[in-house]
Amino acid sequence: MPGCGGSSPARSAWVAKTEQDVRRAAAQIVDDLLATGPCDFVAQVAARLPLTIICDMMGIPRDQYEMVLANTNVILSGMDPEFMGEDMNEAAVKLLGAGQALAELVTGLAAARSQAPADDLVSALVTANIDGEQLTGAELASFFILLVVAGNETTRTALSHALMLLTEFPQQRALLLADLEGRIEGAAEEIVRHASPVLFMRRTLTTEYTMNGQDYREGDKVALFYYSANRDEALFADPERFDITRSPNPHLGFGAAGPHFCLGAHLARRELIVMLRELLTRVPRITAGQPDRLLSSFVNGIKRLPCELR
Ligand code: HEM
């Protein structure tokens, strides 16, 4: 992907192309939704946009999209028996198999792109050479898996919650429809706060630290509960209320500022905003039925969500 690490004009061109790709994909998804009618919103809408965008960016061929989705589903399925079965050994085998399948996909793509680079992220990664250093095959595979998993499941979860929230809070939908362009960015932030698609992350302390009177030592393992931070009454008045006009909205849905802040936050925001704009312009009265939730403490996932177009 020339432009990714290149000069500013090249980077701007790449950002503009991504925006166009997201818009085109969102328009196609809504065309298909209107042709299909009432359906499972997760499969038909929420899963499709991030899957198409991240696979396209990576250079994954279209006939592999379903395989990528099936394997990222397994990797982030928590302990949901629908994906993992009831048996722990069986679950471990499934998890390893999903990682292996994605690693094989990137190994094949990397071999092809190192011979004939294309305009995609895998080409950029295999040809990158910084002070004589290149990514090893294992590093490439783990970064690829991180990106496709993180790029897929989280934005799908945010989009599914978006429809649930707009259904549960009709006055907020009316407010948004009354000034779509003026309020859509605030709505996207509030959706990420309220949904907290990633519920927590586990980190290891690199140094001693004292917080709220509690001493932590180097090497301690800690969990950062974003869902809880996003409902902090000291920061968010009536935190359970979905309020697209909340300002400021210092949520931690993408993590805290620092080296681990979500790498895909800008892309996720674009995807959310473009999809919501497309949906609410063309199917403004779409509503959600009862969600079928993922059994996971890590991702606030929705497996299926019936929708009515009205
Ligand atoms: C609504 C959608 C998304 C949400 C809610 C979300 C949330 C998060 C959170 C909470 C973290 C951990 C931050 C921390 O530890 O402080 C994270 C990290 C990350 N996210 Fe996202 N994410 C989203 C979309 C994406 C997308 C679309 C991509 C890729 C294209 C992506 C790639 C990553 C990566 C690579 C990391 C690891 C960063 C690191 O540790 O250096 N995310 N995300």
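- Relative to the ring axis of Tyr227, Arg231 places its NZ or CZ within 45° and under 6.0 Å from the centre.
- In this structure, CZ in Arg203 is found 6.5 Å from CG in Leu224, a value given to the nearest 0.5 Å.
- Arg193 forms a cation-pi arrangement with Phe236, by the criterion of a distance under 6.0 Å to the ring centre and an angle within 45° of the ring axis.
- Between His194 and Phe242, the angle of the ring planes goes over 60°, which puts this pair in the perpendicular group of the 30/60° scheme.
- Side-chain N or O atoms of Thr155 include none that pairs as donor or acceptor with a backbone N or O of Asn152 at under 3.5 Å.
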How far apart are the C-alpha atoms of Glu82 and Arg304, what are their side-chain angles, what is the distance that settles it, and do they pass the salt bridge (Lys or Arg N to Asp or Glu O under 4.0 Å) test?
-> CA-CA 12 Å; Glu82 181 174 332; Arg304 283 170 285 271; 2.8 Å; yes

Determine, stepwise, if the pair Arg285 / Glu308 fulfils salt bridge (Lys or Arg N to Asp or Glu O under 4.0 Å).
-> CA-CA 8 Å; Arg285 288 194 279 178; Glu308 290 284 342; over 6 Å; no

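- Looking at Val198 and Met201, their side chains come closer than 4.5 Å, going by heavy atoms from C-beta outward.
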Derivation and outcome, side chain to side chain contact (heavy atoms under 4.5 Å, CB included), residues Glu185 and Arg269 = CA-CA 8 Å; Glu185 290 190 4; Arg269 287 180 169 123; over 6 Å; no

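- The closest donor-acceptor contact from the side chain of Ser296 to the backbone of Val299 lies under 3.5 Å.
- Looking only at distances, a side-chain donor or acceptor of Ser123 sits under 3.5 Å from a matching main-chain atom of Ala118.
- Rounding to the nearest 0.5 Å gives a distance of 10.5 Å between CG of Asn71 and CG of Leu95.
- Taking CZ of Arg293 as the reference point, atom CD of Gln290 lies at 9.0 Å (rounded to 0.5 Å).
- The backbone N or O of Leu175 sits less than 3.5 Å from a side-chain atom of Arg183, completing a donor-acceptor pair.
- Note: Asp243 CG to Gln172 CD = 5.0 Å, rounded to the nearest 0.5 Å.
- Taking the side chain as every heavy atom from C-beta outward, Lys17 and Val22 never approach each other to under 4.5 Å.
- A donor-acceptor pair shorter than 3.5 Å cannot be found between the side chains of Asp21 and Thr18.
- Looking at Glu189 and Arg246, their side chains never come closer than 4.5 Å, going by heavy atoms from C-beta outward.
- Put simply, the side chain of Leu125 does not reach to within 4.5 Å of the side chain of Val106, judged on heavy atoms.
- At least one side-chain heavy atom of Leu163 sits under 4.5 Å from a side-chain heavy atom of Cys307.
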Apply the test side chain to side chain contact (heavy atoms under 4.5 Å, CB included) to residues Lys303 and Val42: give CA-CA distance (whole Å), side-chain angles for both, the deciding distance (0.1 Å), then the verdict.
-> CA-CA 7 Å; Lys303 293 192 286 189; Val42 176; over 6 Å; no

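- Counting non-hydrogen atoms of neighbouring residues, nucleotides and ligands closer than 6.0 angstrom, the CD atom of Glu208 reaches no more than 12 such neighbours.
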Give the intermediate values and the outcome of side chain to side chain contact (heavy atoms under 4.5 Å, CB included) for residues Phe83 and Lys94.
-> CA-CA 8 Å; Phe83 298 99; Lys94 284 194 173 164; over 6 Å; no

Check the pair Glu278 / Arg23 against side chain to side chain contact (heavy atoms under 4.5 Å, CB included), numbers first and verdict last.
-> CA-CA 8 Å; Glu278 192 72 27; Arg23 284 184 188 221; 6.0 Å; no

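- Among the candidates Leu165, Ile286, Ile244, the single residue satisfying the side chain to side chain contact (heavy atoms under 4.5 Å, CB included) test with Arg173 is Ile286.
- Using modelled atom types and a 3.5 Å distance limit, the side chains of Ser196 and Asn300 yield no donor-acceptor pair.
- Here the straight-line distance linking atom OG1 of Thr287 with atom CG of Leu309 works out to 8.0 Å at 0.5 Å rounding.
- The shortest side-chain heavy-atom distance between Leu305 and Met164 falls under the 4.5 Å cut-off.
- For the pair Pro50/Ile53, no side-chain contact is recorded, criterion being any heavy-atom separation below 4.5 Å from C-beta on.
- Considering only heavy atoms from C-beta on, Ile191 stays 4.5 Å or farther from Leu166 through its side chain.
- If you check the side chains of Gln44 and Asp32, you find no donor sitting under 3.5 Å from an acceptor.
- Donor-acceptor pairing under 3.5 Å is lacking for the side chains of Glu133 and Asn129.
- Although no hydrogens or angles enter the test, the distance criterion places a donor-acceptor pair under 3.5 Å between the side chain of Arg113 and the main chain of Gly59.
- Remark: Thr52 OG1 to Tyr65 OH distance equals 6.0 Å, nearest 0.5 Å.
- Atom CZ of Phe261 is surrounded by more than 12 heavy atoms from other residues, nucleotides or ligands within 6.0 Å.
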Steps toward ring pair (Phe, Tyr, Trp, His ring centres under 6.0 Å) verdict (Phe200, Tyr226) = CA-CA 5 Å; Phe200 77 94; Tyr226 308 116; 8.3 Å; no

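- Environment of CZ in Arg217: sparse, with no more than 12 heavy atoms of neighbouring residues, nucleotides or ligands closer than 6.0 Å.
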Mind running salt bridge (Lys or Arg N to Asp or Glu O under 4.0 Å) on Arg282 and Asp31 for me, showing each step along the way?
-> CA-CA 9 Å; Arg282 298 175 60 195; Asp31 286 349; 2.5 Å; yes

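- The hydrophobic cluster containing Leu69 also contains Leu146, counting ILVMFWY residues as joined when their side-chain heavy atoms lie under 4.5 angstrom apart, directly or transitively.
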